[in-house]
Structure formats: structure tokens, C-alpha cells
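In what follows, chains carry the letters A, B, and so on, assigned in the order in which the sequence lines appear, proteins first and then strands, with residues in each chain numbered from 1.
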Protein chains: 2
Amino acid sequence: MTRRVTSFDVAARAGVSQSAVSRVFSGASASKATSDKVREAADALGYRPNVLARSLITGRSRIIGLVVAYLGNPFYPDALERFSRDLQDEGYHTLVFTVPEGAGDTDTDRIIQQMLDHQVDGIVLASVGLGDALAARCEAAGIPVVLFNRGQIGSGLAQVTSANRLGGAKVAEFLVAGGHTRMGHVAGWQGSSTGRDRTDGFVARLAELGQDCIGVEDGRYDHVEAVRVTDILLGKGVDALFIGNDHMAFAVMDHLRCTLGLSVPNDVSIVGYDDVPMAAFAAYDLTTVRQPVGRMVKTTVAALIHQIEDKSAQAEVTEIDGPLILRGSARIPEGLQ
Amino acid sequence: MTRRVTSFDVAARAGVSQSAVSRVFSGASASKATSDKVREAADALGYRPNVLARSLITGRSRIIGLVVAYLGNPFYPDALERFSRDLQDEGYHTLVFTVPEGAGDTDTDRIIQQMLDHQVDGIVLASVGLGDALAARCEAAGIPVVLFNRGQIGSGLAQVTSANRLGGAKVAEFLVAGGHTRMGHVAGWQGSSTGRDRTDGFVARLAELGQDCIGVEDGRYDHVEAVRVTDILLGKGVDALFIGNDHMAFAVMDHLRCTLGLSVPNDVSIVGYDDVPMAAFAAYDLTTVRQPVGRMVKTTVAALIHQIEDKSAQAEVTEIDGPLILRGSARIPEGLQ
DNA sequence: CGTGCTTTTGCACACCTATGCAATGCCTCG
DNA sequence: CGAGGCATTGCATAGGTGTGCAAAAGCACG
């Protein structure tokens with residue numbers, strides 16, 4: 001294993017100073033002549049600038065920390081893939097951290113600490129909250145943070161979500177239009193803004209339309225829990241279920257059809273939230289509110305980079321609207337067909 | 001934004017030299033007395049060692065590069081999550097790169113180059129090949145590479161896969177025992193060792209059992225393609241299909257049941273490969289060969305760290321056996337029930 | 001108390017690049 | 001031809017840590 005080739009080596013070979021080499025590779029001004037000489041020498045020696053040294057001195061690592069909770073819900077792998085790609089396109093790289101399932105703020109804080117250690121230029125928190133202490137710490141370190149698919153009011157952090165309240169409302173309108181009268185709701189985790197907003201939007205719009213929600217149960221974004229509370233709602237005689245995300249909806253549909261022998265949508269209409277790729281699979285054919293992942297990710301990346309380049313920038317709060325995708329898991333109102 | 005607190009600041013406050021601080025934090029020998037003084041001062045000032053500077057001088061970044069092809073197949077998010085967690089446990093971090101769908105060696109090479117720039121301590125390539133030139137370059141740079149779920153004979157690279165040939169053979173035995181006589185195979189991409197090995201094992205074992213494989217078609221790990229070639233095989237009158245991975249199997253099952261109105265397993269038995277979490281969903285209830293992700297990941301991490309710590313270590317080639325998981329998508333031989 | 005040994009500590013330098021500053025070269029215009 | 005302006009270049013230093021080396025300190029023992 002031979003020693004790395006440094007900018008000095010290149011400089012020596014090209015007959016210029018080390019600073020000249022540095023300038024050529026960092027895009028600063030340099031005459032055509034030296035630029036050519038340097039590049040030629042660099043190619044000959046196989047020189048590549050040392051990113052670590054560069055980061056050390058500039059204080060910018062061109063690395064983004066991405067914290068993601070759990071990838072079992074296919075919404076997140078999709079987002080992760082797009083983050084990685086979009087950031088690569090912007091010349092950034094992605095340092096991924098997973099926070100264990102039932103992790104508290106302590107774990108998250110430890111992870112953020114490690115990110116600070118690595119001098120990441122920015123942080124994306126996907127479906128993860130952030131303790132106030134850490135938020136303050138990032139602020140102090142001048143590291144931008146954007147929450148993805150999770151809000152945190154009063155935190156002063158930038159955030160990108162879909163229009164969750166509106167989405168919930170759309171489902172309410174759709175089910176009422178479909179002639180349903182006994183709606184139930186397997187909610188997304190009520191500890192998350194996302195879950196609460198969808199629930200609020202759904203229940204509020206139902207009320208406006210003069211309908212009652214027979215029952216709301218927290219499914220906690222969990223397969224087993226979702227099935228458990230579905231049984232409770234079935235006991236109340238629901239004829240339609242709005243489910244807090246697609247991932248739970250799949251479990252519920254399996255339970256209804258395969259365990260209980262019920263028909264979807266004839267016995268019960270099911271509407272989900274997310275429109276993960278699997279929702280389009282024929283086995284589920286799930287009617288659901290689309291979260292436009294692509295646009296959400298692009299917006300998040302843009303917001304982050306904006307903050308990185310202009311530290312004084314305001315923390316933006318963005319909601320992105322997504323359509324209700326009509327498929328076969330819920331009765332479709334006449335005239336919409 | 002205040003200046004970072006450095007080891008000099010801590011040293012000054014603790015009344016020792018900077019080297020003492022360095023030694024305390026890098027675990028080298030230091031007396032109890034100074035160690036205490038240093039830690040106290042560090043806590044008071046909120047000091048954290050600068051990872052970049054440390055990496056610059058030690059040449060070890062404690063970062064692992066993970067290249068992953070596409071996360072649409074749920075096998076990979078699962079693996080990714082485990083990699084991240086296991087590496088975190090070992091004190092490493094994960095820099096994720098995604099290589100675009102139809103990317104050639106050029107793209108992969110560019111990505112690896114970026115990893116080298118970041119001085120990663122090791123590289124995991126999940127379902128991604130590696131050009132010979134780059135392999136040589138990693139070798140030269142002394143950076144260990146492990147292939148995950150992909151073999152590359154003659155590359156001299158370490159690799160971890162499941163026992164794909166054996167797995168294919170197990171499926172052959174199972175289908176024959178189930179009384180099937182007209183077996184077809186929607187193969188995994190024949191450009192990958194994984195796909196070829198499964199196919200070879202399946203076909204060879206069938207032959208040993210005196211059975212013929214009616215047809216083999218390359219599904220290229222792609223939903224659409226898998227469905228297309230399924231139709232071809234159906235035209236030949238198959239009564240059982242071994243499908244190169246679960247992801248394709250889902251698409252095929254949807255096609256058979258929802259589009260063609262066939263019954264699985266009554267009309268056609270379906271067996272997949274991977275045992276992704278979704279395979280256990282009641283809607284599919286897929287009989288499949290399990291790839292023990294957990295053990296595969298742990299083995300990969302262990303092999304990588306082993307090579308990092310002992311550069312002269314041999315590149316190990318590991319195959320991990322996984323059981324055939326019996327579910328409802330394929331006729332179960334009598335006596336096995 | 002002196003000697004030999006081990007542990008601890010400080011000094012100085014290395015790691016590799018970016019950048020402020022001053023000097024040099026070049027070009028233009030009067 | 002000379003002066004002034006601008007682009008370019010080299011020098012030297014900073015960025016924060018780890019580590020070899022030698023000096024110092026601690027320790028045990030005769």
C-alpha cells in the first residue's frame with residue numbers, strides 16, 4: 001500500500017506551487033496554462049483531492065445526515081432512495097442512521113450528536129422527532145435541520161409534509177359520497193403530527209357533512225395493533241374504514257378477507273394513506289391518498305440546501321397536496337366512475 | 001455561531017498539554033489524575049473530538065460505503081436497516097449510495113471513486129457488480145470490499161450469499177414431492193450469479209429426479225417482465241412455477257389470480273425466493289426459500305471488519321443456508337403437512 | 001539515597017488542503 | 001515608454017488531531 005499522492009506531488013510534477021494545484025481543483029481562478037499543466041500532472045499521478053482535509057479547513061463536509069425510523073413501511077425506502085439520488089445530484093452524500101423501533105429522545109439525541117461529530121452540513125429527520133435540547137444544539141452549531149413527513153409545532157424547524165388534514169378531509173368526503181354511514185378510523189400514531197392531522201381532518205370534515213365517526217382507534221402504525229383495533233371497530237358495526245397509512249391497511253385487508261372471510265369493499269370499504277407502490281398491486285388494489293414522495297423529497301432537499309447556503313434563511317414549513325387515488329378497495333360514488 | 005472548542009482549549013483549562021487530551025480521548029495510556037482533569041474540563045466546555053481531523057491523521061474514517069441497487073424489492077430495505085444498525089453497533093457509520101436502475105459499470109465506478117475520496121474504511125456492494133479496474137483500485141488503496149447477495153467469480157473479492165444452488169434444489173425436490181410434473185421457472189436475472197445459481201440448482205436437481213423443466217424464462221427481477229414471461233410459460237401448460245425472487249412472485253400471483261382468474265395453488269403452485277416480510281402476508285401466503293438476512297448481514301459486517309483490522313486477511317466466500325418456508329401458495333406434499 | 005525500570009507527559013511534527021497577503025507578471029491606455 | 005490596474009502565483013499559515021521521541025516522573029529494590 002503506497003502513500004497517497006498529494007497536491008504537493010502534483011505541484012512538483014507540474015512545476016507549480018501547491019496552492020496552484022489547490023486552486024485548480026477548487027475552481028478558483030487560474031490561468032489556462034497552469035490549469036492544463038496541473039490537470040495533466042494530476043491525471044498522470046492519479047491524484048484526487050483529499051476530501052477530509054478539504055472539509056477540515058472549509059468546515060463543509062458535503063455530507064447530509066439522514067435519520068430514518070423504520071424501513072418496514074415501503075414509503076420510506078422509496079423516500080430514502082430518492083434522497084440519496086437527489087442529494088448525489090447536488091453533490092452531497094448521505095450518511096444514514098436508523099433509530100431503533102421504540103427509541104426515545106435519548107437515542108435520537110445520541111445519533112444527532114454523532115452527526116455533529118461528522119460535521120454534516122445538514123440533517124433530514126424522516127418521521128423522527130427531535131428533543132428541544134438537540135434542536136438548540138443544531139441551531140448553535142449552525143446546522144440546518146428539516147423534518148420530513150413529520151411536523152413539530154413551535155420547534156422552529158423547517159418541515160415538509162403532505163397536506164394531511166386536507167387528505168383526511170378528502171377521504172371523509174369520498175366515503176360520504178359513497179353512501180357510507182358508519183365510518184370508523186384506524187388512526188396513525190397519535191403521538192405524531194402526521195397521524196393526528198389526518199385524523200383531525202377526517203373527523204372534522206365528517207362532522208361538517210353531518211356524519212359521525214363511529215370510532216377512532218390508534219393503530220400506532222403497527223400491523224398487529226391495527227388488526228387488534230379493527231376488531232373493536234368491527235364490533236361497532238362499521239361499513240367503512242379510513243386507515244392511517246397503507247402499511248396498516250394491508251394488514252387490515254388481510255385480516256378482513258383471509259381471517260374473517262369478509263369482502264372488501266362489499267362488506268367494508270377500506271381507504272389508506274400514502275399510495276406506496278404496493279397499493280397498486282392487484283391483490284390489494286387499495287384506494288388511498290397519495291403522498292407525492294418525489295415532490296416531497298425534492299422540496300426537502302431544496303429547503304435544506306437553501307438553508308445551508310444562506311444560514312439566515314427562514315425555516316420553511318411546507319405542505320404538499322396529494323390526490324385521492326381511486327381503486328377497488330372502497331365503494332366508488334356514482335358519477336365518479 | 002461560536003468557534004468550535006478544540007483539544008487545546010480543554011488542555012488549557014485542565015492544565016495539561018494538548019497531547020494529554022488527545023490521549024485521553026483516543027484511549028491511549030494516561031494516569032487517572034490527568035484523565036479525570038481532562039474529562040472534567042471537556043464536559044465543562046462541551047468538547048467533542050473533531051472526527052475529520054482524527055480521520056485525516058489516522059487514515060481511518062470509521063465510515064463504510066454501502067452501494068445498493070434498488071430498494072423496490074423489500075429485501076434490500078430490510079438488509080439496509082440491519083447494516084446500518086450492525087455497523088453502528090461496531091462504531092461505524094454508513095454512507096449510502098444508490099446506483100441508478102440500468103446503470104453500467106461506469107456509474108458504479110464513479111460511485112466507488114467518490115467513496116475512495118471519502119476514505120471509507122470498507123465497502124459493501126449489495127447486488128452490484130464491480131469492474132475489474134475498480135476492484136484493483138480498491139485493492140491498491142487497501143480498502144476491503146464485500147459483495148452482498150452477489151457473487152463474482154475470479155474477482156478475488158469477499159462475498160456473502162445464501163446457498164442459492166441448494167435453495168433452487170430444495171424447490172425442485174419440494175415440487176416433485178408435491179406431485180407436480182410440468183414445472184416452469186421464471187428466473188432471476190441471468191446476468192447475476194444469484195439468479196444463475198438458483199436456476200442451475202433447480203434445473204439440475206429436477207434432472208436428477210428424472211423430471212424436465214418445461215421452460216425457463218429470464219424475469220430480470222422485474223415486475224412487468226416477470227408477468228410477460230409467465231404468460232409464455234402458461235402457454236406451455238405449467239402446473240408449478242419457481243420464481244427467482246418474491247418480488248416477482250407477487251406480481252405473478254396477482255396476474256394469475258386477478259387478471260387470469262386462476263387459483264393458486266389449485267391451478268398453479270408458486271414458490272418464491274427470499275422470504276421477505278410481505279411473503280407472510282395473508283394475501284400472498286407465499287411458499288418461499290428464506291434468505292436469512294440477519295445472518296447474511298452479520299456475516300458481511302464481520303467479514304468486512306475482519307479485513308479492515310487485518311489487511312492481510314483472506315477474502316472469504318460464504319454461503320448461508322436457508323430453509324424452505326411452507327405456506328399456502330404451493331401444494332404441500334402429503335406427509336409434510 | 002542511588003540505580004534501573006516503567007509509566008506518564010510534553011514537544012514538535014505530520015496529515016493535506018484552502019486562503020489571505022504580498023509579490024510578480026501582464027496588459028492597456030495615456 | 002511609463003504608470004496604473006488586474007489577473008495570477010507563491011509563501012506561509014490555519015484547521016484540529018494523533019503519535020514518535022525524549023525528558024521527566026514515579027516506583028521498587030538493594
Practice task
Assert yes or no for the condition that the ring centre distance of A:Tyr47 to A:Phe25 is strictly below 6.0 Å.
Solution key: yes
Practice task
Write down the distance between CG (B:Asp9) and C1' (D:dT17), rounded to a whole number of angstrom.
Solution key: 13 Å
Handout entry: Donor-acceptor side-chain pairing of A:Ser17 and A:Ser19 below 3.5 angstrom
Key = yes
Completion exercise
Whole-Å distance, B:Leu52 CG to D:dG18 P, equals 12 Å
Problem - Closest listed nucleotide, where the reference is the side chain of B:Ile57 and the choices are D:dA14, C:dC15, C:dC16 - result: C:dC15
Completion exercise
With the side chain defined as heavy atoms from C-beta on, A:Val16 is closest, among C:dT17, D:dG10, D:dG16, to D:dG10
Exercise for the section: Indicate whether OP1 or OP2 belonging to D:dT8 is found under 4.0 Å from a side-chain N or O atom of A:Ser31. Expected result: no
Exercise for the section: Would you kindly give the OH-to-P distance between B:Tyr47 and D:dG16, to the nearest whole Å? Expected result: 10 Å
Problem - Presence of salt bridge, B:Asp78 and B:Arg82, under 4.0 angstrom - result: yes
Problem - Whole angstrom value for the distance that separates P of C:dT17 from CZ of A:Phe25 - result: 10 Å
Practice task
Name the closest nucleotide to the A:Ser19 side chain, picking from D:dT17, D:dA12, D:dG15.
Solution key: D:dA12
Exercise for the section: Output yes when a side-chain donor or acceptor of B:Asp43 lies under 3.5 Å from a complementary backbone atom of B:Glu40, and no otherwise. Expected result: no
Problem - Among C:dC16, C:dA12, D:dG10, the one nearest A:Ser17 by side-chain distance - result: D:dG10
Practice task
Whole angstrom is fine here: how far is it from CD in B:Gln119 over to C1' in D:dG18?
Solution key: 15 Å
Completion exercise
Looking only at C:dT9, C:dT17, D:dG16, the nucleotide nearest the A:Arg54 side chain is C:dT17
Practice task
Give a yes/no on whether any side-chain N or O of A:Ser22 is located under 4.0 angstrom from OP1 or OP2 of C:dA18.
Solution key: yes
Problem - Salt bridge present between A:Asp36 and A:Lys32 (N-O < 4.0 angstrom) - result: yes
Exercise for the section: May I have the distance from B:Lys37 (atom NZ) to C:dT9 (atom C1'), rounded to whole angstrom? Expected result: 10 Å
Completion exercise
Winner on side-chain proximity to A:Leu56, out of C:dT17, D:dT17, D:dG15, is D:dG15
Exercise for the section: Just call it for A:Phe8: base, sugar-phosphate, or nothing, with non-hydrogen atoms closer than 4.0 Å on any strand. Expected result: base
Practice task
Would you indicate which nucleotide in C:dT9, C:dT17, D:dG10 comes nearest to any side-chain atom of A:Ala20?
Solution key: D:dG10
Handout entry: Quiz item: A:Arg23 side-chain donor-acceptor pair to D:dG10 base, under 3.5 Å
Key = yes
Handout entry: Whole-Å gap separating C1' (C:dA14) and CZ (A:Arg4)
Key = 15 Å
Exercise for the section: Could you tell me whether A:Ser55 contacts a base, only the sugar-phosphate backbone, or nothing, with contacts defined as non-hydrogen atoms closer than 4.0 Å? Expected result: nothing
Problem - Rounded distance (Å) that lies between atom C1' of C:dC26 and atom NZ of A:Lys32 - result: 18 Å
Problem - Donor/acceptor link under 3.5 angstrom from B:Thr58 side chain onto base of C:dC15 - result: no
Exercise for the section: Assess the pair B:Phe83 and B:Phe148: is the distance between their ring centroids shorter than 6.0 Å? Expected result: yes
